[in-house]
Asks: 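The structure under discussion is supplied below as structure tokens; questions concerning it will follow.
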Amino acid sequence: MTLDLFEPDAPSLEPLEPGAMVLRRFACRHETALLAAVQGVIEQAPLRFLVTPGGFRMSVAMTNCGALGWVSDRTGYRYDAIDPDSGRRWPRMPDAFLLLAAEAAAAAGFEGFVPDACLVNRYAPGTRLSLHQDRNERDFGQPIVSVSLGLPAVFLFGGAQRDDKARRVPLAHGDVVVWGGPARLRFHGVLPVKEGEHPLLGGCRLNLTFRRAG
Ligand code: SIN
Ligand code: FE2
């Protein structure tokens, strides 16, 4: 057993509020497997810019893996078993993803989390995600597990209403945010990502969001 003192990269838990927690550096020890798995997903289902129901092209590039994928188009937001770009099923969820998501959820107090959807978001510098709730999933008893890789970003963690004041939570490579229970329907978003160069990912931030959607 080594003391944290001698392990600057050891994960640490940072409660945000009831039901929500930041697991600092939690994904770091999985980073090689995660990045290889992301690459495999993107080869089968390339990142693309979705259109909002209002007709705007999103600035964050997205794709999915798992039984269900989150999609947006002029008709609305939904989960779909089929990638609309290819007409095929989304790539299967890599084992490294399933393992990390379950471990992170359990560390935050949500045992038995088995995601069936993973949204992959790629942020170029200058891109952001405006405040929203994750509410297309069937069972709000299941948490959201959100993994940050690459460039840092400021995560906004708001309240139950869109105009409630949002906390600014700096997130770095390997940090995982889990929210569920009383925090499950919180508004959240990401401030514009700053220019930078990450040793593994170069000039971008990747986010993996795991959900039990169906
Ligand atoms: C999301 O809300 O889907 C993504 C959040 C993030 O990129 O940290
Ligand atoms: Fe979200």
Side-chain angles (χ1 to χ4, degrees), residues 14 16 19-27 34-35 38 41-42 47-50 52-53 56 58-66 68-72 76-80 90 93 97 100-101 104-105 108 113 115-140 142-162 164 166-180 183-194 196 198 201 203-213:
E14 194 178 301
L16 273 180
M21 196 176 275
V22 185
L23 314 173
R24 296 284 176 201
R25 299 176 293 278
F26 195 87
L34 289 176
L35 292 176
V38 171
V41 167
I42 290 172
L47 289 156
R48 77 289 304 267
F49 297 101
L50 299 174
T52 66
F56 296 101
M58 296 181 75
S59 65
V60 177
M62 298 180 177
T63 187
N64 293 277
C65 63
L68 292 169
W70 186 85
V71 288
S72 172
Y77 307 125
R78 65 179 183 284
Y79 281 98
D80 203 315
W90 297 102
M93 180 103 59
F97 282 22
L100 170 68
F113 180 57
D116 58 5
C118 172
L119 175 65
V120 180
N121 293 312
R122 188 195 58 202
Y123 298 75
T127 61
R128 59 190 281 270
L129 195 64
S130 48
L131 281 176
H132 65 277
Q133 292 169 297
D134 287 6
R135 55 177 315 142
N136 298 119
E137 300 75 27
R138 201 185 296 275
D139 176 7
F140 296 146
Q142 298 286 331
I144 303 286
V145 174
S146 176
V147 179
S148 290
L149 298 167
L151 289 181
V154 176
F155 184 63
L156 296 174
F157 197 69
Q161 310 294 327
R162 186 181 298 277
D164 288 346
R167 291 170 70 146
R168 291 171 173 234
V169 184
L171 294 180
H173 176 77
D175 289 349
V176 179
V177 188
V178 179
W179 65 98
R184 176 60 179 75
L185 288 175
R186 289 308 181 79
F187 277 86
H188 59 279
V190 178
L191 289 182
V193 171
K194 293 214 168 72
H198 184 271
L201 277 150
C204 82
R205 170 177 189 260
L206 275 183
N207 167 265
L208 310 175
T209 305
F210 296 95
R211 294 91 179 252
R212 181 86 201 172

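Computed from a predicted structure; not experimentally measured. We count ligands from 1, going down the list as the structure has it; atoms in each ligand are counted the same way.
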Asks: Spell out the protein N/O/S atoms under 2.8 Å from the Fe ion (ligand 2) as residue plus atom name.
Replies: H132 NE2, D134 OD1, H188 NE2
Asks: Looking at side-chain heavy atoms only, is the closest gap between V169 and V154 below 4.5 Å?
Replies: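 The answer is no; the side chains never approach within 4.5 Å.
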Asks: Apply side chain to side chain contact (heavy atoms under 4.5 Å, CB included) to the pair L68 and R211, showing each step before the final yes or no.
Replies: CA-CA 9 Å; L68 292 169; R211 294 91 179 252; over 6 Å; no
Asks: Are the side chains of V120 and M62 in touch, meaning some heavy atoms are under 4.5 Å apart?
Replies: no
Asks: Distance check, rounded to the nearest 0.5 Å: D134 atom CG versus T209 atom OG1?
Replies: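 Rounded to the nearest 0.5 Å, the CG-OG1 separation comes out at 7.0 Å.
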Asks: Search all heavy atoms of W90 against all heavy atoms of V71 and return the closest pair with its distance.
Replies: CZ2-CG1, 3.7 Å
Asks: Which parts of the protein, at residue level, reach under 4.0 Å of ligand 1 through a heavy atom?
Replies: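 Ligand 1 is contacted, at a heavy-atom distance under 4.0 Å, by N121, Y123, L129, H132, S146, F155, H188, V190, R205, N207, T209, R211.
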Asks: Are there more than 12 heavy atoms of other residues, nucleotides or ligands under 6.0 Å from atom CZ of F140?
Replies: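 More than 12 heavy atoms, drawn from other residues, nucleotides or ligands, come within 6.0 Å of this atom.
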Asks: Does the side chain of P152 come within less than 4.5 Å of P170's, by heavy atoms?
Replies: no
Asks: How would you list, by chain and number, every residue that makes a side-chain contact (heavy atoms from CB on, under 4.5 Å) with F113, sequence neighbours excluded?
Replies: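 For F113 the side-chain contact (heavy atoms from CB on, under 4.5 Å) partners, ignoring immediate neighbours, are A101, A105, P115, Q142, P143, V145, F210, R212.
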Asks: Side chains of residues 123-131: which donor-acceptor partners sit under 3.5 Å, not counting sequence neighbours?
Replies:
from	atom 1	to	atom 2	distance (Å)
T127	OG1	A124	N	3.1
T127	OG1	A124	O	2.6

